[in-house]
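The structure under discussion appears below in the form of structure tokens.
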Amino acid sequence: MVAAVVPPVVGGLLGAVTSNVVAVVAKLIGKSYDLWSDFDNDIECIRSDLRMIAGAEEDQLSGEDHDLSIVMSISKAEMHDLALEIEDFLDRVQRYVVDGGPFHAVLGFASKPLLEIKVKELKEKLKNAYHRKSNHKVNGSLPSTSSTFPANTYATNIRPVGIDDFKKEIHAWVMKDVQGEPAQLSVVSIVGFSGSGKSTLANEVYESRNVVDRFPHRARVVASDHRGNTKGLLTELFEKLGQKDQICDSEDVQQLRAKISNYLMNTKRYLIVLDDIKNLTWWNCIKSAFPEKATGRIIVTTTNQTVARVCSRGNGYVHNMASLSAMHSKELMKAVLNGHSPGFERSSMSIVNKCDGHPHALVTLANYLLSEDAITNSVCEKLCKNLGFRMATEDALEELQKVLMNNYRRLPKEFLNLKACLLYLCVFPNGCHIRASRLMRRWLAEGYVQSDYPRSALVVANDNLKKLVDQSIIWPIDTSKDAIVKTCRAHGIFHEFLLHMSLSGKFITSFQNPEKRHYRHLFIQNTSNPVNHRYTNPAIGGKSDDDEERPRAHSLTICGSSAGEAVRYFAKCQLLRVLDLEECNDLEDEHLDGIHELWHLTYLSVGDTISRLPKGIEKLYFLATLDMRKTKKEIILPVEVLMLPYIAHLLGRFKLQNKQKSVPERSKLQTLSGFVTDQNDGFQMLMDHLKQLRKVKIWAIWRNSNGEVPYLERFMHNFVQAEQDTAAAVRSLSLDIGSSSGNILRSLAYGLLRSLKLHGNLSGLVHFVTELYSLKELCLSSTNDLTENDLSRLLDLNDLECLKLVGISLGRFVIASEDFPGLLHLCLVQCPSLPTIEQGALPHLLSLRLLDQCLEGLSGIEIKWHKVLQEIALDSEVKPETKKKWENAAKIHPKRPRILFLKRVDPNETGPMVKYVATEKPPPEMDFPIMRRKRNNSAVQPDSSMEIDSPIKQMKLSEASAATSEPPTAMDDGMSSSSSADPDNGDSILVSFP
């Protein structure tokens with residue numbers, strides 16, 4: 001089974017390597033060197049061949065009827081290794097092209113003949129690979145011996161417990177009669193990661209005695225059994241509705257849909273469960289069979305968030321699955337072990353943490369432990385340490401491995417390099433909250449996301465992230481003000497599986513691996529369960545590094561106190577593109593002073609122990625992202641950094657060095673977040689050349705005697721006026737004006753901005769904001785109270801989609817039905833009093849955040865008036881009775897909005913400076929049902945919850961840490977925004993079979 005894991009990894013990465021080779025070739029096109037005559041033709045050849053191989057592998061990974069032949073696996077691995085070698089060589093060629101000088105010396109060869117030998121060697125390897133491929137008739141794949149596998153029958157004697165709240169909620173929806181309203185179709189979609197228990201919850205409602213009595217016309221079908229065969233699905237549905245005699249073999253799909261629709265129209269009520277709807281195509285092919293004007297109830301289960309939203313659009317809602325609590329996880333495993341568990345209670349925590357509340361994994365590992373004489377700490381820890389390897393090699397874990405593999409295989413192939421982007425998450429510790437912007441910028445730096453005109457590369461990266469979230473592959477922890485994912489993490493058991501795949505494919509490994517020089521990405525993590533390379537890669541023989549051999553690493557990520565052992569390795573990694581030291585807490589300024597030798601470095605982030613820029617940083621030719629937001633000091637920024645040809649994102653608290661130098665006319669800087677004003681008016685001269693600047697953050701610390709910053713006012717005027725001719729507002733401005741005069745805000749008048757964040761003394765100045773007619777997002781954090789006139793002026797912003805108000809008393813603020821007609825997101829942070837929202841106002845509101853630990857009850861907010869509300873966020877420290885009232889209100893809302901509890905970074909902080917981050921786990925009420933063995937006593941035990949200890953609990957959460965490094969402003973917190981045999985249907989393990 002180990003061999004079965006490697007080809008999908010190689011196939012998933014071939015496209016990414018190919019993209020990088022293509023990008024390098026494009027940069028070198030037209031260059032002619034005698035030393036590698038005709039080699040450019042060979043590169044073009046391998047580029048074309050790699051594209052074909054990568055495409056074929058995507059087809060193979062997306063298919064379900066064939067297995068990869070061993071010969072093809074070997075061939076693809078060989079081509080992958082050769083592509084990496086050529087990519088490394090071309091990276092070194094790039095430096096020659098830019099720096100000039102003796103070709104062989106720049107490439108690291110002692111003499112010209114040695115370089116010629118290397119070129120000939122690569123050409124010969126390429127030629128031999130083609131010959132072997134031809135001689136062995138590599139055709140791709142063989143018929144699969146088994147495209148399905150048996151359902152998990154060992155769960156037949158356990159029944160669901162702990163699902164009472166969810167079952168009652170959906171049961172009430174099914175049974176509800178809407179008095180005085182016409183009959184209408186209603187759909188509830190249950191969505192979540194494979195194996196989370198979606199099918200179980202749907203089946204419990206479907207088999208409920210009251211439902212059986214109330215709905216004589218019922219049917220339950222597993223859509224994935226038909227693999228997109230619409231006629232087969234509709235035929236089974238009609239048969240289960242008791243109409244088998246009405247089916248003719250000659251009927252087409254359209255006729256079947258019409259028959260089913262007519263039949264359901266004539267029934268008083270019906271209930272249908274559509275289990276495992278994979279995509280919108282499947283739903284669109286059958287939805288017309290369900291008449292809109294009949295009292296119908298449909299329950300859909302799916303792993304696809306878009307499918308869930310579309311199915312439940314209108315009269316229905318989406319139920320998102322959550323993971324099990326630690327206590328429920330233990331209870332589930334004990335039910336499977338059925339008393340064969342001496343020592344389990346004391347030893348199981350490592351397994352509970354590793355499974356991360358995933359029911360399928362818990363049941364599988366519990367069954368695996370049945371073979372042990374005693375379940376001791378050492379047994380559990382050994383299993384956890386080598387879990388990825390065991391999933392790939394042990395028959396008892398094969399079903400779990402297939403369920404997880406199918407989540408990887410079914411990623412849409414039209415999203416270029418999406419599999420590589422997913423695997424890349426494993427450079428972060430399991431359980432780590434990953435800031436989405438950090439992840440996407442790293443994808444860009446690695447070349448795993450590239451621009452496909454007319455979209456920018458960052459837009460493509462965001463689309464990739466949204467697709468992974470949409471497929472329920474990664475879990476969004478928190479969203480920003482415009483509902484974009486702000487922080488995320490991989491499901492714990494899936495992270496473990498992906499990490500083993502990455503190790504097996506020589507993609508990602510620990511810095512402690514003796515063979516690390518062969519891997520693309522290295523990490524150092526201080527965790528209690530370090531990676532055991534003897535098991536994750538049996539081929540490793542423990543050989544030490546050969547200093548003469550160059551590391552292949554493109555990235556190094558350090559979390560914890562591990563800088564010392566890695567610093568000496570920096571110089572060897574000449575091809576390093578990403579150096580992420582954000583979570584490294586023992587780094588010193590001097591550790592980075594040799595970093596300018598890393599010529600290919602594209603992304604650099606540092607933690608809060610760094611107080612200055614590394615020496616020679618202006619020599620980092622390819623540097624695109626410099627992230628120093630966690631640094632607590634103001635950083636002096638040399639103008640030379642702004643002059644780097646690829647610099648795009650400067651993140652931190654920078655002051656411009658007092659030197660008058662010009663910036664290139666075509667600077668690529670897009671983000672400057674942020675800049676601290678001083679008396680250096682060279683800022684204006686520089687800003688005039690930053691034509692691609694889209695996002696700016698400024699702290700107006702220095703002001704002249706009149707409270708003004710003249711050069712800042714000129715810059716802001718030019719910034720907001722720059723795109724008037726395009727009528728496309730894409731620019732964002734964040735400004736801390738302190739107690740500056742109104743002249744600063746006057747410069748915004750009639751400009752073009754998409755997003756504006758203001759902090760400071762804003763009283764009497766809000767009217768300048770309302771003159772930004774294109775504004776979509778607005779955040780106001782005032783250090784003095786706004787007047788009634790200020791608040792009323794906000795109502796002029798008819799196109800506003802996101803509004804955040806911090807520390808402002810809103811008792812006199814009334815939002816009527818005609819106000820803010822397009823508002824989607826409303827966030828009120830530490831506001832002493834809340835506004836009055838009249839019935840009919842904010843009809844399109846999707847998200848409501850009321851972040852104040854002193855919130856009392858519903859505070860006059862009627863969420864039932866906001867018919868499409870999807871999310872409510874509260875301070876995690878509000879009183880229990882307040883939590884209960886909001887949860888009860890959400891349960892009777894037609895869309896059942898989810899309740900989020902956000903915690904303050906500093907629990908003692910209050911007022912407008914408070915910052916919020918997402919909690920590690922959902923609240924206890926969100927715990928998902930588990931299964932327990934049937935007992936004679938039918939009583940259900942009370943539901944309770946316990947937080948799962950994070951395997952990286954000693955680490956600072958990246959989002960919280962980043963927040964604490966910000967200057968005193970509140971502008972960025974809180975809202976910154978069945979029994980199927982199909983291996984994809986991982987929920988089958990929790991279904992009770994007859």
Side-chain angles (χ1 to χ4, degrees), residues 15-16 19 23 304-306 309 411-425 427-428 432-490 577-578 580 582 602-603 605 624-625 627 629 646 648-651 668-673 692-697 728-732 734 753-755 757 776-777 801-802 824-825 846-847 870-871 918 958-959 962 972 975-977:
S19 298
N304 191 300
Q305 295 285 339
T306 297
R309 288 192 298 270
L411 288 174
K413 57 187 178 182
E414 62 269 17
F415 280 74
L416 188 64
N417 304 336
L418 190 58
K419 291 182 176 67
C421 290
L422 173 60
L423 291 169
Y424 193 73
L425 266 68
V427 300
F428 299 101
C432 176
H433 288 199
I434 309 167
R435 198 170 60 250
S437 59
R438 176 186 183 186
L439 178 62
M440 289 188 291
R441 287 183 178 126
R442 288 190 55 161
W443 283 344
L444 294 173
E446 301 284 5
Y448 296 145
V449 174
Q450 296 175 1
S451 176
D452 58 345
Y453 184 82
R455 298 186 303 167
S456 72
L458 199 56
V459 171
V460 176
N462 188 55
D463 286 347
N464 280 8
L465 180 63
K466 287 195 294 186
K467 181 54 65 173
L468 291 175
V469 171
D470 190 60
Q471 297 286 320
S472 299
I473 297 295
I474 61 177
W475 180 29
I477 304 298
D478 192 14
T479 55
S480 64
K481 57 186 175 297
D482 49 3
I484 295 175
V485 174
K486 184 178 179 181
T487 55
C488 62
R489 72 174 179 91
R577 299 180 181 180
V578 171
D580 192 331
E582 192 169 313
T602 306
Y603 178 102
S605 65
T625 296
D627 191 343
R629 281 176 292 184
Y646 295 98
H649 308 286
L650 286 174
L651 309 168
K668 293 186 177 182
L669 191 66
Q670 301 172 29
T671 305
L672 178 55
S673 181
Q692 296 190 37
L693 204 57
R694 294 293 180 267
K695 183 175 182 180
V696 179
K697 186 172 186 176
V730 297
R731 297 195 169 195
S732 301
S734 177
L753 280 180
R754 176 176 177 82
S755 174
K757 298 178 183 179
K776 301 295 183 185
E777 304 168 12
E801 296 177 356
C802 309
L824 304 177
H825 311 279
L846 300 176
S847 172
Q870 297 177 2
E871 175 188 279
S958 60
E959 186 60 26
D972 294 318
M975 192 176 167
S976 272
S977 303

Working note: E777 + R754, criterion side chain to side chain contact (heavy atoms under 4.5 Å, CB included); need CA distance, chi angles, decisive distance, verdict. CA-CA 6 Å; E777 304 168 12; R754 176 176 177 82; 3.8 Å; yes
Could you tell me the separation between the CG atom of L824 and the CD atom of Q870, rounded to the nearest 0.5 Å? 10.0 Å
With sequence neighbours excluded, what pairs up with N304 under the side chain to side chain contact (heavy atoms under 4.5 Å, CB included) test? T302, T306, V307, D470, Q471
Please step through side chain to side chain contact (heavy atoms under 4.5 Å, CB included) for the pair L418 and K467, ending with a clear verdict. CA-CA 9 Å; L418 190 58; K467 181 54 65 173; 3.7 Å; yes
Are R435 and E582 ion-paired here, with the side-chain N under 4.0 Å from a carboxylate O? yes
side-chain hydrogen bond (donor to acceptor under 3.5 Å, both in side chains) filter on T671, not counting sequence neighbours, yields H649
Note, Y603 side chain near R438 side chain (heavy atom, < 4.5 Å): yes
Can you see which heavy atom on N417 is nearest to which on G447, and at what distance? ND2-O, 4.2 Å
Taking every non-hydrogen atom, the tightest pair across A490 and I474: CA-CG2, 4.3 Å
S472: partners by side chain to side chain contact (heavy atoms under 4.5 Å, CB included), with sequence neighbours left out: V191, Q305
Is the shortest heavy-atom distance from the side chain of I434 to the side chain of T487 under 4.5 Å? no
Minimum heavy-atom separation for A436 to V485, with atom names? CB-O, 3.3 Å
Drop me the distance from L468's CG to K419's NZ, to the nearest 0.5 angstrom. 10.5 Å
Drop me the distance from K757's NZ to S732's OG, to the nearest 0.5 angstrom. 8.0 Å
Spacing of CG belonging to L439 relative to CG belonging to D580, to within rounding of 0.5 Å: 10.5 Å
Evaluate the side chain to side chain contact (heavy atoms under 4.5 Å, CB included) criterion for residues V469 and W475: first the C-alpha distance (whole Å), next the side-chain angles of each, then the deciding distance (0.1 Å), finally the verdict. CA-CA 6 Å; V469 171; W475 180 29; over 6 Å; no
Would you please name every residue forming a salt bridge (charged side-chain N to carboxylate O under 4.0 Å, His left out) with K695, sequence neighbours left out? none
With side chain to side chain contact (heavy atoms under 4.5 Å, CB included) as the test, would you mind laying out the steps for I477 and R489 before giving the verdict? CA-CA 7 Å; I477 304 298; R489 72 174 179 91; 3.9 Å; yes
Restricting to side chain to side chain contact (heavy atoms under 4.5 Å, CB included), what partner residues turn up for A624, sequence neighbours left out? T602
Gap between atom OG of S673 and atom NZ of K697 - 0.5 Å precision: 5.0 Å
For C421 and N464, work out which heavy atoms get closest and say how close. SG-ND2, 3.7 Å
My understanding is that only residues two or more places apart in sequence, or in another chain, count here; which of them pass side-chain hydrogen bond (donor to acceptor under 3.5 Å, both in side chains) with Y424? R442, E446
Residues D627, R441: salt bridge by 4.0 Å N-O rule: no
State which residue, out of V578, L458, V460, V449, fulfils the side-chain contact (heavy atoms from CB on, under 4.5 Å) condition with W443. V449
Inter-residue atom distance K668.NZ - L693.CG, 0.5 Å rounding: 15.5 Å
